[in-house]
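All remarks here apply to the structure that follows.
Computed from a prediction, not measured in an experiment: that's the story for all the values here.
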Amino acid sequence: MRRSDQLASFGPIAEHYDVLMQNVPYDMWVSYYELLLLQLDADPATLLDVCCGTGTVAEMLDAKGYCLTGFDLSEAMVKEAKRKAEAGRLEIDYHVADVAELALGRRFDGAYSFFDSLNYVVDPGRLRLGLARVAAHLSPGGTFIFDLNTAYAFEKKMFDQSESRAKAPIRYKWKGDYDPGTRVIHVAMEFERDGVVMHETHVQRAHPEEEVRAYLAEAGFVEIRSFNSYTLDPPRKRSDRIHIAACLP
């Protein structure tokens, strides 16, 4: 996928994203992240939020005492994250950056990426570069924990969603077009709020777990574990989302 294709996502919807996601159990995601840190016997102080979006998870981890830095390719999403941090007087450092070209000039104890953000890096070569760049930003013993949508999720049309209730804060209709040969899905998204209609096209790839593991190993990670998301069980054939936890020596 060209970088311009990535930028077609999370544009107009950015300032409405938190309303759209208001029912997402962020507290569960944060608790699960800390559970996986325990599995890696890790106790990080500084964290890098990879593809941070509007910064909601970063804010929650900041409140728990971690020191946060975040970045995202979408300028609109980073602008919203910065606005929220300023309003809350939070010392979270946000940047606009491409994970495959990341160069922040500092290292962190840990990194994480949630809500299938790395699926949006459709080009396997750029994902490989991105994982290497994250590793380069971690201190010895650093951890990287992230989730991925699977091919099963795309095959079962889990992106085909709609919300049409008159009282819904945002009404939307999503329709996915999945190519099993390339493992790529194009999702046509329409949003409507207060009479304003917005359109975006989101593109994701279902990266095979073995491919991702190989890239992580190449980047220097020596302990790589995968889970059926929100559990400590290994992935199943019908896992629609998996989490991967990796550690540097």
Side-chain angles (χ1 to χ4, degrees), residues 5-33 49 51-61 63 70 72-88 90 112-120 122 146-180 184-206 228-231 236 238-243:
D5 293 329
Q6 290 176 288
L7 293 174
S9 304
F10 302 108
I13 196 58
E15 63 181 286
H16 310 285
Y17 184 77
D18 286 345
V19 176
L20 180 68
M21 301 286 281
Q22 63 184 2
N23 293 323
V24 169
Y26 284 103
D27 54 345
M28 181 187 76
W29 280 75
V30 169
S31 295
Y32 184 56
Y33 172 60
D49 189 326
C51 308
C52 63
T54 61
T56 300
V57 171
E59 292 172 7
M60 295 180 71
L61 288 167
D72 200 285
L73 182 60
S74 168
E75 293 184 19
M77 296 287 270
V78 172
K79 180 180 179 181
E80 184 66 11
K82 287 182 175 180
R83 182 195 66 76
K84 290 164 58 182
E86 183 177 353
L90 305 178
Y112 65 87
S113 185
F114 293 153
F115 303 110
D116 44 86
S117 295
L118 293 182
N119 287 105
Y120 283 90
V122 175
F146 57 95
D147 72 285
L148 291 168
N149 279 332
T150 67
Y152 181 80
F154 299 161
E155 291 164 358
K156 294 301 178 181
K157 301 183 182 298
M158 292 186 179
F159 263 116
D160 289 8
Q161 302 180 26
S162 64
E163 171 59 87
S164 58
R165 293 177 300 164
K167 293 185 178 181
I170 294 182
R171 287 178 286 280
Y172 57 84
K173 184 177 181 180
W174 303 346
K175 181 67 174 177
D177 180 15
Y178 177 56
D179 181 346
V184 172
I185 189 169
H186 290 75
V187 186
M189 296 185 171
E190 179 179 284
F191 305 90
E192 188 272 323
R193 187 183 188 193
D194 299 329
V196 177
V197 177
M198 297 159 280
H199 293 89
E200 294 193 356
T201 299
H202 289 214
V203 186
Q204 292 194 2
R205 180 173 185 261
N228 182 45
S229 287
Y230 321 119
T231 78
R236 305 188 301 258
R238 294 187 177 182
S239 294
D240 56 84
R241 184 187 299 271
I242 65 171
H243 271 71

- Query: Taking it one step at a time, do W29 and D147 satisfy side chain to side chain contact (heavy atoms under 4.5 Å, CB included)?
  - Reply: CA-CA 10 Å; W29 280 75; D147 72 285; 3.6 Å; yes
- Is it true that R83 and E80 make a salt bridge, defined as a side-chain N closer than 4.0 Å to a carboxylate O? yes
- Task: Begin with the C-alpha distance, continue with both residues' side-chain angles, and end with the deciding distance and a verdict on side chain to side chain contact (heavy atoms under 4.5 Å, CB included) for M198 and E200.
- Result: CA-CA 7 Å; M198 297 159 280; E200 294 193 356; 5.8 Å; no
- Query: Between atom OH of Y26 and atom OG1 of T56, what is the distance when rounded to the nearest 0.5 Å?
  - Reply: 4.5 Å
- Message: If you compare all heavy atoms of L118 against all heavy atoms of S113, which two are closest, and at what distance to 0.1 Å?
- Response: CG-OG, 3.9 Å
- Item | Nearest-0.5 Å distance that lies between atom NZ in K175 and atom OG1 in T201 | 14.5 Å
- Closest heavy-atom pair, S239 versus N228, reported as atoms and distance to 0.1 Å, is OG-OD1, 2.7 Å
- Note on the structure: When every non-hydrogen atom of A81 is compared with those of G55, the smallest separation belongs to CB-N, 4.0 Å
- Query: Is the F115-Y120 ring centre distance short of 6.0 angstrom?
  - Reply: no
- Query: Are K173 and E190 within salt-bridge range, i.e. N to O under 4.0 Å?
  - Reply: no
- Query: Do D116 and R241 come within less than 4.5 Å of each other through their side chains, counting heavy atoms only?
  - Reply: yes
- Message: Does K84, at its NZ atom, have more than 12 non-hydrogen atoms belonging to other residues, nucleotides or ligands within less than 6.0 Å?
- Response: yes
- Note on the structure: CZ (R205) and CG (D179) are apart, to the nearest 0.5 Å, by 11.0 Å
- Among Y32, Y112, F146, find the one that has a ring pair (Phe, Tyr, Trp, His ring centres under 6.0 Å) with H243. Y32
- Message: A side-chain contact here means heavy atoms from C-beta on lying under 4.5 Å apart; do Y172 and Q161 qualify?
- Response: yes
- Task: Please say which of V184, N149, V187 ends up in a side-chain contact (heavy atoms from CB on, under 4.5 Å) with Q204.
- Result: N149
- State the CG-CG distance between L148 and N119, to the nearest 0.5 angstrom. 5.0 Å
- Rounded to the nearest 0.5 Å, what's the gap from OG on S117 to CG on L73? Could you check? 11.0 Å
- For D160 and G176, indicate whether the former's side chain and the latter's backbone hold a donor-acceptor pair under 3.5 Å. yes
- Note on the structure: Closest non-hydrogen atoms of Y178 and A151, given as atom of the first, atom of the second and distance, are OH-CB, 3.7 Å
- Classify the angle between the aromatic ring planes of F159 and W174 as parallel (below 30°), tilted (30 to 60°) or perpendicular (above 60°). tilted
- Query: Rounded to the nearest 0.5 Å, how far apart are CD of E163 and CD1 of I170?
  - Reply: 10.0 Å
